[in-house]
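To keep things clear, I will list the structure first and then write my remarks on it.
Just so you know, ligand 1 is whichever comes first in the structure, and atom 1 is the first atom listed for that ligand. Starting from 1, each residue takes its place in the sequence as its number. Quick caveat, the model's predicted, so the values are computed rather than measured.
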Amino acid sequence: MIRNSNTLRIPTPSDLPHLPTSPNLPPVPEPQPPKLAEIEAALRLFDETTAALSARINRLEQVLVQKQQELVATNHKLSENVEALDRTTAWLNLVMESVASGVVAIDRDGIVTTCNRAAELLLSGMVPDPVGADWRATFPDSPLLALLNGIPTGAYEHHIRGRDGRPRILSAQANPLLGPDGALIGAVEVFEDVTEVRRLQESVERADRLKQLGEMAAGVAHEIRNPLNGIEGFASLLVRDLPSDDKRHTFANHIVEGVRTLNRTVSALLEFTNPRRIERRPAVPGDLARSCLELTKAGEAVQPDEIRVALTLHDHAGTTAVPLDGMQLKQVLLNLVQNAIQAVQGTGRTNGQVVITVSREADHLIYTIDDNGPGVPKDERQRIFTPFFTTKDHGTGLGLAIAHTIAALHGGSLSVEDAPIGGARFILRVR
Ligand code: ADP
């Protein structure tokens with residue numbers, strides 16, 4: 001109790017309030033020690049429980065070990081399956097990448113999902129990155145797309161541009177792609193480049209046709225030549241003997257001219273049907289073109305009335321000699337240049353141009369003859385190489401046919417397309 005606000009005193013027990021004592025509360029019993037029987041029973045229970053528990057733990061441990069073993073076995077099997085799957089996938093990829101045919105798969109929307117290396121190469125001129133591309137955009141009329149609509153299809157062809165920009169023919173076949181439940185999930189196309197095969201087929205057919213034609217033509221030419229020589233001889237005598245103001249003199253002159261044209265045709269025909277052989281000797285490719293231009297210029301010099309055409313040579317083929325039949329190649333080049341000049345002159349234009357370019361490409365030698373004449377209409381491009389096709393009054397129609405044969409004998413080709421300078425471009429490839 002704080003009696004004096006100025007001094008602090010620690011309270012003593014006598015300061016606590018006085019608690020009343022309660023004389024009726026029962027006395028707290030003294031704790032008794034457990035009986036022995038009870039202790040033994042408790043110990044027995046404890047032993048039994050721990051025994052049961054440890055038996056259960058043992059069983060659990062066994063189950064655990066068994067489950068672990070099963071898990072390891074399952075894992076092992078799984079990784080074996082994955083490895084087998086990997087091996088199969090790698091093998092399938094290897095097969096896909098090794099086949100020479102192009103293989104392309106599309107989904108139901110026409111999007112390319114798979115494309116092997118051969119297909120990538122064949123299509124690279126048209127679809128640089130095929131996987132993910134829309135097949136409809138590249139080949140809108142492809143039977144592969146019709147297959148997605150349930151329309152069955154047989155073999156068909158794609159006419160495409162190759163990597164070098166040249167036309168190529170792909171022979172193709174398509175099949176539907178069915179899922180495990182038999183539902184249509186896309187279509188697959190297998191194709192191969194048959195351009196060379198077609199070219200060879202055409203060459204063989206052409207050679208066959210020409211052989212038959214040649215045999216017939218050679219016989220006819222000999223029959224015609226003899227009487228023609230007689231007609232020309234007699235008509236020339238008339239020209240000589242008749243006065244020049246006599247009408248018959250003019251008629252006889254016409255006969256002589258006509259017979260000479262016929263003779264030219266017969267000579268060309270005989271030359272065309274003559275079996276040819278290639279005799280290769282080292283020649284500098286550019287020199288052949290140069291001497292051909294010189295000959296053409298010399299020819300022009302004696303025809304002062306003709307419209308002048310500018311002749312240019314671009315020689316990129318170097319100075320190394322190549323084994324070629326120079327005589328026959330010069331004949332081809334001369335023919336192509338003459339044709340080009342005549343085509344330009346036919347238009348009557350005064351700024352006529354003929355450009356020869358010589359270059360090498362891999363194992364090929366390429367001569368390109370460009371002109372700025374009227375060009376060759378697309379529907380005539382095949383026919384101009386067949387014998388006797390001519391659009392000229394005095395043409396034989398044999399020049400290009402002969403040139404084609406000589407190119408083929410050189411393991412090459414002769415083709416025509418549009419020239420960048422406006423007219424025709426003839427491309428002579430030789431090996
Ligand atoms: P020819 O010159 O006797 O007519 P060719 O076989 O050499 O025979 O030519 C066949 C035809 O090809 C020609 O008549 C002509 O119609 C066409 N031709 C050839 N070269 C050209 C060219 N540079 N431009 C346009 N047409 C051409």
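Side-chain contact between Asp370 and Phe426 is absent, with no heavy-atom pair separated by less than 4.5 Å. Two residues are said to be in side-chain contact when any heavy atoms from C-beta on lie closer than 4.5 Å; Leu123 and Val104 meet this criterion. Between His159 and Glu157, some side-chain heavy-atom pair lies under the 4.5 Å cut-off.
By the 30° and 60° cut-offs, the orientation of the rings of Trp135 relative to Phe139 is tilted.
Within 4.0 Å of ligand 1, heavy atoms belong to protein residues Asn335, Asn339, Ala340, Ala343, Asp371, Gly375, Val376, Ile384, Phe389, Thr390, Thr391, Lys392, Gly395, Thr396, Gly397, Leu398, Gly399, Leu400, Ala424, Phe426.
With values rounded to the nearest 0.5 angstrom, Leu428 atom CG is found 6.5 Å from Leu329 atom CG. The CG atom of Leu148 sits 6.0 Å away from atom CG of Leu184, with the distance rounded to the nearest 0.5 Å.
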